[in-house]
Amino acid sequence: QVQLVESGGGSVQAGGSLRLSCAASGYTCMAWFRQAPGKAREGVARIDSDGWTSYADSVKGRFTISKDNAKNILYLQMNSLTPEDTAMYYCAADQRSCQKTNVAQQYNYWGQGTQVTVSS
């Protein structure tokens with residue numbers, strides 16, 4: 001079953017921007033992951049209930065994770081996109097605190113995925 005609802009994916013030229021959204025509420029730790037064909041799932045960013053954030057080195061300075069508690073929405077703002085960012089993006093969440101490292105096994109709730117394609 002799809003437990004979280006994602007949207008905002010699409011196709012964009014290199015250097016462009018996209019904003020992903022995930023409808024989620026009541027979680028302590030929330031994160032974004034991505035997976036390209038033939039590659040392992042990669043943790044992109046995460047945020048805890050206090051607003052603490054952490055990013056993968058590959059997206060640091062270009063992506064921003066945030067949440068709107070009033071609207072119960074998790075966001076991933078993606079700027080300066082490159083073809084290497086092309087992947088299926090997933091939101092993930094858990095009621096437990098964020099761990100030291102961002103691994104998929106920590107999260108019990110997942111979205112269905114939204115495709116991001118960046119052309120050169």
Side-chain angles (χ1 to χ4, degrees):
Q1 288 185 325
V2 175
Q3 299 165 310
L4 305 174
V5 180
E6 292 176 332
S7 62
S11 298
V12 65
Q13 294 181 358
S17 299
L18 287 172
R19 187 176 70 171
L20 307 183
S21 301
C22 179
S25 179
Y27 301 103
T28 302
C29 185
M30 303 181 71
W32 290 95
F33 286 78
R34 66 185 182 185
Q35 188 166 25
K39 294 188 176 181
R41 187 172 299 181
E42 175 189 23
V44 175
R46 51 187 174 149
I47 186 169
D48 74 2
S49 58
D50 295 321
W52 170 89
T53 59
S54 182
Y55 298 89
D57 289 341
S58 59
V59 307
K60 196 173 299 181
R62 299 187 298 120
F63 291 10
T64 302
I65 187 171
S66 63
K67 58 181 179 178
D68 186 333
N69 290 325
K71 297 181 179 180
N72 300 317
I73 300 175
L74 176 73
Y75 296 104
L76 183 67
Q77 178 67 47
M78 305 184 293
N79 298 327
S80 301
L81 286 162
T82 74
E84 287 70 38
D85 296 315
T86 296
M88 185 73 74
Y89 283 71
Y90 302 88
C91 63
D94 200 82
Q95 302 96 326
R96 296 166 292 184
S97 299
C98 294
Q99 304 301 306
K100 290 183 178 180
T101 58
N102 193 20
V103 298
Q105 290 79 4
Q106 297 172 4
Y107 302 93
N108 287 322
Y109 302 94
W110 290 84
Q112 79 282 6
T114 185
Q115 179 67 40
V116 171
T117 301
V118 184
S119 62
S120 59

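- Residues Val118 and Leu76 share a hydrophobic cluster, clusters being chains of Ile/Leu/Val/Met/Phe/Trp/Tyr side chains in contact below 4.5 Å.
- Taking OG of Ser11 as the reference point, atom CG of Leu81 lies at 11.5 Å (rounded to 0.5 Å).
- Annotation for Arg46 and Ala31: closest pair CB-CB, 3.8 Å, computed over non-hydrogen atoms.
- One hydrophobic cluster holds both Tyr109 and Met30 under the rule that ILVMFWY side chains link at heavy-atom gaps under 4.5 Å.
- Considering all non-hydrogen atoms of both residues, Leu74 and Ser66 come closest at CD1-O, 3.4 Å.
- Of all heavy-atom pairs spanning Pro83 and Ser120, the tightest one is CG-CB, 4.1 Å.
- The distance from atom CD1 of Ile73 to atom OG of Ser7, rounded to the nearest 0.5 Å, is 8.0 Å.
- The shortest distance between side-chain heavy atoms of Gln77 and Ser17 falls below 4.5 Å.
- Of the possible donor and acceptor atoms, one in the side chain of Asp94 sits under 3.5 Å from a partner among the backbone N and O of Asn108.
- Residues Tyr75 and Met88 do not share a hydrophobic cluster, clusters being chains of Ile/Leu/Val/Met/Phe/Trp/Tyr side chains in contact below 4.5 Å.
- Formation of a donor-acceptor pair under 3.5 Å by the Thr117 side chain with backbone atoms of Thr86 is not found in this model.
- With contacts defined as side-chain heavy-atom distances shorter than 4.5 Å, the pair Glu42/Ser58 qualifies.
- Listed here is the closest heavy atom pair of Thr28 and Arg96: CB-O, 3.6 Å.
- Checked options Phe33, Trp32, Tyr89, Tyr27; the residue passing with Trp110 is Phe33 (criterion: ring pair (Phe, Tyr, Trp, His ring centres under 6.0 Å)).
- Looking only at distances, a side-chain donor or acceptor of Lys67 sits under 3.5 Å from a matching main-chain atom of Asp48.
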Applying side chain to side chain contact (heavy atoms under 4.5 Å, CB included), run through Val59 and Arg34 and close with a yes or a no.
CA-CA 11 Å; Val59 307; Arg34 66 185 182 185; 3.9 Å; yes
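- One finds the OG1 atom of Thr82 at 5.0 Å from the CZ atom of Arg62 (value rounded to the nearest 0.5 Å).
- In terms of hydrophobic clustering, with Ile, Leu, Val, Met, Phe, Trp and Tyr side chains grouped at heavy-atom distances under 4.5 Å, Val116 and Tyr55 are assigned to a common cluster.
- Residues Ala24 and Leu4 share a closest heavy-atom pair of CB-CD2, 3.8 Å.
- More than 12 heavy atoms of other shown residues, nucleotides or ligands fall within 6.0 angstrom of atom CD in Gln95.
- No side-chain heavy atom of Met78 sits less than 4.5 Å from a side-chain heavy atom of Val44.
- Scanning both residues, Cys98 and Trp52, for their nearest heavy atoms gives CB-CZ3, 4.0 Å.
- Counting heavy atoms from C-beta on, the side chains of Cys22 and Tyr90 never come closer than 4.5 Å.
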